Amino acid sequence: MVWDELDSRLDKVPGTVSAYVGRLGAPPAWTRRPDATHYAASTMKVGVLVALHRAAEAGTIDPDAPVPVTNEFDSAQPGAPRFGCDRNYDNDDAVWERVGATAPPRWLAHRMIVRSSNLATNNVIGHVGLPALAQVWALAGARHSVTGRGIEDFAAREAGITNLVTAADLATLLGALALGARRPGPLASPTGCAAMLDVLFAQEHREDLAAGLPEGTRIAHKNGWVRGVRHGAGVVFPDDAPPYAVAVCTTTDLADGGPDGEGTDDACELIADVSARVWAARHDLPG
């Protein structure tokens, strides 16, 4: 069985590997430590995207009205000084070129996903607020994931305020978006969910889950990485089978960024291999 083979392989991986695979709205086909918490890295940006769309639908934010782009943010730790992002630790010069100028929140959110811009993320969080992110997780039915601070908020981190995800919660959140694009759901209108899926389809970092799929396969996904952590979570839309959610979270020394510290590493290849094996079993997933 493919799942037994996967478990056997992952048993040999140092650190913690979590996974969740299942058709949308159905019980999972396979899980491995699905409720183990991992540092979220950039996977938390999916929740930020949802919070912005919810605010837009509620009329509290105009996503197309330009707002100031800044690199100074309030810490989640009360009384701590404001903090900023390190440009060398970001992935998108286009956002940095807007600092001191303006940009629409919708554009910032797009860069936050497709290029995984930390600066764009913190700017959007500054407009939606951390309580809105907690509400997103709750509405999606997530059980263990939290978004307690912005990226590079080191004062909050030192105070124990952090961002956590599980494989099950990431699959639940992304699955809720995919289901919500078909019929009204808890996160946003079908139109709003479809728009968010379009952003996730445009993801440019494709070195983990997407790398395990045949070229041209549609996957709405977000990944996240820091040294020691690599995650990939998404919904795959085969042409010849129903869509399915897949999330793989790794906290492991294999996630070392590769030879230059910033590229494909053994953790990427591990997630790609899991993705390829799930793809091969796509016709046999229950539900």
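No hydrogens, no waters, no symmetry mates; every other heavy atom, side chains included, goes into these values. Because the structure is a prediction, the values reported are computed rather than measured.
Here the straight-line distance linking atom CG of L133 with atom CZ of R149 works out to 13.0 Å at 0.5 Å rounding. For the atom pair CG (L213) and OG (S275), the distance works out to 3.5 Å, reported to the nearest 0.5 Å. Here CG of L270 is found 5.5 Å from CG of L10. Values are rounded to the nearest 0.5 Å. Here the OG1 atom belonging to T264 is positioned 13.0 Å from the CZ atom belonging to R206, to the nearest 0.5 angstrom.
Looking at N71, its side chain never comes within 3.5 Å of a backbone N or O of G84 through a donor-acceptor pair. In this structure a side-chain-to-backbone donor-acceptor pair under 3.5 Å is present from S18 to R33. With Q203 contributing its side chain and A220 its backbone, the two residues share no donor-acceptor pair below 3.5 Å. Checking side-chain atoms of R54 against main-chain N and O of A51 turns up no donor-acceptor pair under 3.5 Å. Checking side-chain atoms of R82 against main-chain N and O of E72 turns up a donor-acceptor pair under 3.5 Å.
Applying the side chain to side chain contact (heavy atoms under 4.5 Å, CB included) test between V99 and each of L119, T70, N123 identifies L119 as the sole match. Test K222, H205, E204 against S116 for side-chain hydrogen bond (donor to acceptor under 3.5 Å, both in side chains) and you get one pass: K222. When D90, T121, D86 are each tested for a side chain to side chain contact (heavy atoms under 4.5 Å, CB included) with I151, only one passes: T121.
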Side-chain atoms of residues 58-68: list all donor-acceptor pairs with protein atoms under 3.5 Å, sequence neighbours left out, distances to 0.1 Å.
from : atom 1 : to   : atom 2 : distance (Å)
T60  : OG1    : A55  : O      : 3.2
D62  : OD1    : D64  : N      : 3.0
D64  : OD1    : R106 : NE     : 2.7
D64  : OD2    : R106 : NH2    : 3.0

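Side-chain atoms of K45 and S117 include no donor-acceptor pair closer than 3.5 Å. Side-chain atoms of D35 and T166 form no donor-acceptor pair, as typed in the model, at a separation below 3.5 Å.
Residues Y20 and M44 do not share a hydrophobic cluster, clusters being chains of Ile/Leu/Val/Met/Phe/Trp/Tyr side chains in contact below 4.5 Å. Connection of L52 to L108 is established within a shared hydrophobic cluster, with ILVMFWY side chains joined at heavy-atom distances below 4.5 Å, either directly or through further cluster members.
Taking every heavy atom of both residues into account, A41 and W225 meet most closely at CB-N, 3.5 Å. When all heavy atoms of L173 and A140 are compared, the closest pair comes out as CD1-CB, 3.8 Å. Minimum interatomic distance between L209 and V246 (heavy atoms only, all atoms of both residues): CD1-O, 3.9 Å.
With sequence neighbours excluded, no residue forms a ring pair (Phe, Tyr, Trp, His ring centres under 6.0 Å) with F154. Partners of S189 by side chain to side chain donor-acceptor pair (under 3.5 Å), not counting sequence neighbours, listed by chain and number: E57. Y89 meets the ring pair (Phe, Tyr, Trp, His ring centres under 6.0 Å) test with no other residue; sequence neighbours excluded. Not counting sequence neighbours, the partners of H38 by the ring pair (Phe, Tyr, Trp, His ring centres under 6.0 Å) test are H231.
Ion pair R277/D273 flagged as a salt bridge, since at least one NZ, NE, NH1 or NH2 atom sits closer than 4.0 Å to an Asp/Glu carboxylate oxygen. Salt bridge status for R230 with D265: absent, with no side-chain N to carboxylate O gap under 4.0 Å. Salt bridge present: D93 and R87 bring a charged side-chain N and a carboxylate O closer than 4.0 Å.
Cluster partners of V146, by chain and number: L164. The rule joins Ile, Leu, Val, Met, Phe, Trp and Tyr whenever side-chain heavy atoms lie under 4.5 Å apart.
With a 4.5 Å cut-off on side-chain heavy atoms, D92 and W96 do not count as touching. Looking at heavy atoms from C-beta onward, I161 lies out of side-chain contact with D153 at the 4.5 angstrom threshold. Within the 4.5 Å cutoff, no side-chain heavy atoms of T252 are placed close to those of D266. You'll find the side chain of D169 reaches within 4.5 Å of the side chain of W137, heavy atoms only.
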